[in-house]
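Within every chain, numbering begins at 1; the chains are lettered A, B, ... in the order of the sequence lines, protein sequences first and strands thereafter. All values reported here derive from a predicted model rather than from experimental measurement.
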Amino acid sequence: MSGGPLRQVLTAVDDGALTFDEMARVTGLSQDMITAALDQLLRMGHLRAESLNTGCPPAGCRSCGSAGADSGTCSAGPVLVGLSPARRSH
Amino acid sequence: MAETPAFPSCHSDAAGPLAASGAPVIALVGAPNVGKSTLFNSLTGARRQVGNWPGTTVEVGRARWRVPGGPEPQSVALVDLPGAYSLDAVSPDEEFTRALLLPADPGDRPDVVVVTVDASRLARSLYLVSQIRETAMRTVVALTMSDIAARREIEVEVEALQQHLGVPVVRVDPRRGVGDADLARAVAAALSGPPPGPRPHPQTDDELELADDRFTWLQAAIDAATVTPERETRTWSDRIDRWVTAPWLGPMIFLAVMWAVFQLTTTAAAPLQDALDAFFAGPVSAAATTVLGAVGLAGSWVESFVIDGLIGGVGMLLTFVPLMAIMFALLSLLEDSGYMARAAVVTDRTMRFIGLPGRAFLPLIVGFGCNVPAISATRVLPDSRHRVLTALLVPFTSCTARLAVYVMLAAVFFPEHAGNVVFAMYVISIVFVVVVGLALKKTLWRTMGRDPLLLDLPAYQMPHGRILAAVTWGRLKGFLQTASGIIVATVAAVWLLQSIPVNGAGGFADVPVEESAYAAAAETIAPVFAPAGFGNWEAVGALTVGFVAKEAVISSWAQTYAVEEPEDPANPGDLGAAVKADFAESSRGHTTAAVWAFLIFLLAYTPCVATLATQWREIGRRWTVFGVAMQFSVAWVVAVAVFQIGRAIS
């Protein structure tokens, strides 16, 4: 993979590496380097991150078996962090 | 050398020894949480003064520090600047640090910069060093956290590191005071020596190129100065993830896990369901009849409504409570353990295959619980075309409301393989999402771009009993609230329609159901479904009611057959047998094919009115109408195909 660690990580995200582990395999970089590179790309605005919760919103519908189910418990399970390229100037 | 006032002093009310005016200024910088303030306290004997810098709200510590200087130690002013990952100011703290380190007049710079670097996380700490080294500032690196690095089997060679960085590196342990004297000597040497030459770097305005150059430089420093284990230490979470997120094995494991969930659910819930069914059909109905008889309502429309409507309809639905409880508990177990986050990785790949952005997996996964919040969740998609496409696919995800109908029909028609049938419905649901998604992508949105996603997978954990119980109860409560709300209203509406006579047969609440307005309306629509093998008014009536909410399918069936066979003393509550007989009749003996066609139609047509209302709000009237027509068309075509092929084969 060409370029320095930042470009490698950016390319890996763009190519669909889904997890840190997968990204480490693709780039050959250490987890620490990948974390640092992702942080830097976030700070520079090349990536954006957001927490994604897989539970129903507290104000969920009232029309089915899952209605309002996760009220107050949404944060109980694992939270996913989604990162996606904000722009592709590389 | 800069005078202390040129590097302005901070306001402070705290007492403590400060360096004399004109004393050299040493700036202590570093990323947050690298031990910078601990080092500051260790070097200055904790005589720290903290205050806001003039004109800012930024807190800065400042104190006198004695370093070697000829025959007598000299006093310098040590200034503890706010934590900063880099000099690219993105916060007030970093802006402040940048302003003090790189003022417009180079003469106002501190005399020496001590950069605190975490040995256990060099990549995160050295970026600041790389930027400072682009200037000609006298710099000393204080290497902290070596003990943590050692625990992680990371060995940092100080000589190699300082050779690559081009500035002195001193290993310190401020919690034990180790290395303080070495650091003081290094700073004194830096003060008396010439400043180092700046690190060569590209002269460009491209921020990414500059940053990448710094990362390349620090990667080379790390490679030269650290010895790490052959392979990075892999946790057992990492080891499991290698299997459960693998491209081909991952989906297989996901399907196997879900199959186990449905098997366990249907197997464990069956005896409890039978017991509850007997309870509602027996003691509850008998008690209600007795009470109503005692108050003089025996044989009245009130008795009909309570026994056939409420107890027959809602009671039947309540028999599914154990099933829902087991299912919700198992799904909560998967969520709390961390497995569901891995399932998201597997699902994400499917999303990419369809051409949807990775984050579309979120609404689709939520859709397997309930379609309404799932459609609301499409707001996470920044592209409006992605939102529309995902909102059109969400109704094909099989929500828990449909689960009760699957289970009932599976138990009636395929009692030996109920779990497999329910599992198959979920697989078919995924197939619908993929195929319809691909079809829409190929026809309506050929130019949709990609929007990749990276998931930070949390470590697996032992599920917490309290959380499992809370989540399971929360979801079960939602199911029960639905049963007591919209389902009661639907039951009342169905009862009313079944009580209105048409063709002059009988009176209100005293009419054979096949002569009621309900049956007449359903009869009108029924021929549409004859090619699918379930063109009888009982099934079509249930599907029509299911348009309001899928839970109402079972309650309306229960009402229909309870009304139809009230005088069957042998088996008054045998809903399954009655449904079986009608399917056999409508399909002319090809019952299995007709049931599969019915199940698939039930899966694919409009989930409920609440979903429509949400679609309307999120993607507008035009796409909602398109979605309803598309779902009905897909559901009908596939149901007819399944029945016709099934009939031909059998």
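Contacts between B:Ser86 and chain A at a heavy-atom distance below 4.5 Å involve backbone atoms as well as side-chain atoms. Using a 4.5 Å cut-off between heavy atoms, A:Leu41 touches chain B through its side chain atoms alone. Neither the backbone nor the side chain of B:Leu126 comes within contact range of chain A; no heavy atoms are under 4.5 Å apart.
The residues B:Arg342 and B:Asp241 are annotated as salt-bridged, a charged nitrogen and a carboxylate oxygen being separated by less than 4.0 angstrom. We find that A:Arg43 and B:Glu207 are not joined by a salt bridge, their nearest charged nitrogen and carboxylate oxygen being 4.0 Å or further apart.
Two rings, from B:Tyr85 and B:Tyr127, have their centers 6.0 Å or more apart.
With hydrogens and angles ignored, the 3.5 Å screen pairs no side-chain donor or acceptor of B:Ser120 with any backbone N or O of B:Ile148.
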